[in-house]
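Scroll down for the structure; my scribbles are underneath it.
Computed over heavy atoms, backbone and side chain alike; hydrogens, waters and symmetry mates excluded. In listed order, ligands and their atoms are each counted from 1. Everything quoted here is computed from the prediction, not taken from an experiment.
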Amino acid sequence: NHKPRIVVLGSGYAGILTVARLQKLLRQDEADIILVNKHDYHYLTTWLHEVAAGTCDESRITIPVRSVIDTERVQFIKDTVMEVQKEEQRVLLCHGEALTYDYLVVALGYEPATFGIPGILEHSLTIRSMNSAREIRSKIESRFADFAARKNNHEKLTFIVGGAGFTGIEFIAELAERVPALCDEYRIDRKQVQLINVEGAPGILANFDCSLAEYAQKSLESLGVSFRLSTRIKAVDPEGVTLLSQEGEERIAPATVIWTGGIQGNTVVCDRVFEASHGRIPAEADLRIKDYDNVFVIGDCSSFIDKRTGRPYPPTAQIAIMQSQTCANNIAALVRGGPTLETFEPFMKGSVATLGKEDAVGVVFGMKVKGKLALLMKKLIDLRYLYMLGGAKLLLSRLRLSDSVEP
Ligand code: FAD
């Protein structure tokens with residue numbers, strides 16, 4: 001009697017919660033469950049911008065994978081997925097042997113999308129993983145150190161953030177909050193530091209209505225951020241950046257560029273293995289990939305159409321978390337030979353963007369929230385997630401950590 005093998009690729013929000021649910025749903029004798037991830041920790045991607053800006057210690061947002069999975073039930077493999085061979089039903093890893101599967105969950109997250117802008121990948125920084133967030137933090141600090149060493153009172157120390165979506169806005173707000181401390185540390189006049197957000201659309205935070213976006217913009221301007229709206233990044237080079245707007249081209253150099261302008265699904269699987277649309281693999285109603293009855297795609301690798309708008313839902317942790325539950329239920333049903341699979345029906349609770357540590361803005365259950373209330377909502381969203389992942393034990397240990405660790 002063949003015991004089916006379920007292989008889950010990626011231990012981000014989507015992958016780790018799928019495993020957490022599968023280990024509850026299926027008995028030991030019903031299936032083998034294997035989780036593969038590059039690192040032996042899970043991180044809260046929604047906080048990476050704080051690590052990148054240096055306003056949050058990374059220990060607060062990393063959780064050892066083995067501490068939240070049942071290691072008796074689930075085999076965890078720390079390795080990098082190099083290739084998925086869909087016809088052979090196996091996964092090639094960087095170090096280990098090929099892994100065959102009966103059911104596969106593709107949850108490998110995102111990569112930056114460059115939209116063909118020259119120099120973005122080579123010369124700008126992107127928030128795509130814990131390692132990249134650490135790199136951004138140390139680059140920012142070394143730019144301050146180098147600038148201080150040059151002692152030139154006429155130059156500006158310029159940081160340009162490309163993109164005014166969630167990530168770009170949350171990141172530049174954190175950076176703005178860190179700048180006074182960095183200026184003190186390196187004895188630089190705050191007026192010499194420029195933080196510029198560049199956005200192709202005429203407004204920021206396109207998913208929010210105008211009143212919330214304007215509130216966010218004013219809040220950031222009060223922290224010293226300036227905006228170039230209706231302006232695109234034309235090219236990035238080792239020295240700086242060329243912008244393009246109706247007024248023509250503008251050159252800003254020297255400048256450090258952090259690109260947050262768009263994402264696509266992980267290219268290990270998107271298009272290379274499974275056909276993608278706008279960089280993400282379309283998921284069917286039950287979250288499987290068309291023509292592959294035993295392969296599920298969830299999280300940022302997937303695109304799932306919102307029936308109300310006819311467009312894919314934006315890639316968010318909220319969607320990834322909800323998909324993980326449907327995905328696990330459907331795999332359990334298939335393992336048990338159940339006749340019908342669940343349809344994924346997302347119930348959007350809303351979203352909140354932080355504007356530094358003192359302000360936030362968002363929509364929760366259809367209600368617009370700002371300021372302290374929005375900050376509280378964001379905290380509740382995070383706490384709920386931790387509870388879902390590791391129960392009261394994880395929640396309490398994290399609360400204790402956030403009391404004791406200061407960046
Ligand atoms: P991820 O969380 O990215 O996980 C992918 C996993 O796959 C990672 O563990 C990675 O190490 C692993 N992996 C990748 N490649 C390989 C490989 N080749 N081999 C092995 N392992 C691999 N969403 C919200 O809902 N609300 C927010 O407030 C919000 N804020 C955000 C702020 C920032 C700064 C960012 C960057 C994103 C934010 N998002 C937010 C979006 C959200 O973080 C993503 O939608 C979510 O992380 C998607 O989950 P995932 O499991 O698909 O991918």
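Counting the atoms of ligand 1 from 1 in the order shown, those under 4.0 Å from a heavy atom of E170 are 30 (N), 32 (C). For ligand 1 and Q318, the ligand atoms under 4.0 Å from any heavy atom of the residue are 25 (O). Close approach to G10 involves these atoms of ligand 1, each under 4.0 Å from a residue heavy atom: 7 (O). Residue G299 approaches ligand 1 through these ligand atoms, each under 4.0 Å from one of its heavy atoms: 52 (O).
A distance below 6.0 Å separates the ring centres of F274 and Y292. Aromatic rings of F344 and F304 (six-membered ring for Trp) have centroids within the 6.0 Å cut-off, being under it.
Ion pairing between D359 and K218 fails under the 4.0 Å rule for side-chain N and carboxylate O. The pair E174-R178 does not count as a salt bridge, with every side-chain nitrogen at least 4.0 angstrom from each carboxylate oxygen. In this structure, E358 pairs ionically with K372, as a charged nitrogen and a carboxylate oxygen lie closer than 4.0 Å. A salt bridge does not link D32 to R5: none of the charged side-chain nitrogens sits closer than 4.0 Å to a carboxylate oxygen. Looking at D209 and K368, a side-chain N of the basic residue comes within less than 4.0 Å of a carboxylate O on the acidic one, giving a salt bridge.
Within a 6.0 Å sphere centred on NZ of K234, other residues, nucleotides and ligands contribute 12 heavy atoms or fewer. Within 6.0 Å of atom CZ in R336, more than 12 heavy atoms from other residues, nucleotides or ligands are found, so the atom counts as buried in its surroundings.
The shortest N or O to N or O distance between Y110 and ligand 1 is not below 3.5 Å. Residue contacts with ligand 1: W47 is placed with no nitrogen or oxygen under 3.5 Å of a nitrogen or oxygen of the ligand (distance criterion only). Where the criterion is an N or O separation shorter than 3.5 Å, residue side chain and backbone included, A14 meets it with respect to ligand 1.
Contact annotation for H42 and ligand 1: no heavy atom of the residue comes within less than 4.0 Å of the ligand. Using a 4.0 Å cut-off between heavy atoms, A317 contacts ligand 1 through both its backbone and its side chain.
When the heavy-atom distances from atom 21 (N) of ligand 1 to K378, K38, H39 are ranked, the shortest goes to K38. Of all the listed residues (T260, T167, L44), T167 holds the heavy atom that lies closest to atom 35 (C) of ligand 1. Nearest-heavy-atom check against atom 15 (N) of ligand 1 across N266, V269, D382, V297 picks out N266. With T45, T18, L9 as candidates, the residue nearest to atom 43 (O) of ligand 1 on a non-hydrogen basis is T45. When I263, I77, N37, D79 are checked for heavy-atom proximity to atom 11 (O) of ligand 1, N37 turns out nearest.
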**OP:** Would you check, one step at a time, whether the test side-chain hydrogen bond (donor to acceptor under 3.5 Å, both in side chains) holds for T242 with E249?
**Re:** CA-CA 7 Å; T242 307; E249 281 189 13; 5.5 Å; no
Subject >> Full working for side-chain hydrogen bond (donor to acceptor under 3.5 Å, both in side chains) between E221 and Q217 >> reply: CA-CA 6 Å; E221 280 165 350; Q217 187 170 337; 3.2 Å; yes
Subject >> Verdict with supporting geometry, R134 and E58, salt bridge (Lys or Arg N to Asp or Glu O under 4.0 Å) >> reply: CA-CA 8 Å; R134 283 187 198 122; E58 63 183 70; 2.8 Å; yes
Original post:
What's the verdict on ring-ring contact (aromatic ring centres under 6.0 Å, His included) for Y186 and F147, showing C-alpha distance, side-chain angles and the deciding distance?
Top reply: CA-CA 9 Å; Y186 294 98; F147 189 80; over 10 Å; no
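Protein heavy atom closest to atom 4 (O) of ligand 1, with residue, atom name and distance, is G12 CA, 3.1 Å. Annotation: atom 26 (N) of ligand 1 to nearest protein heavy atom, T46 CG2, 4.0 Å. Scanning the protein heavy atoms around atom 53 (O) of ligand 1, the nearest turns out to be G109 CA, 3.3 Å. Atom 44 (C) of ligand 1 has as its closest protein heavy atom D300 OD2, 3.3 Å. For atom 22 (C) of ligand 1, the nearest protein heavy atom (residue, atom name, distance) is L108 CD2, 3.6 Å. Of the protein's non-hydrogen atoms, the one nearest atom 19 (N) of ligand 1 is V81 N, 2.8 Å.
At least one heavy atom of P315 lies less than 4.0 angstrom from ligand 1.
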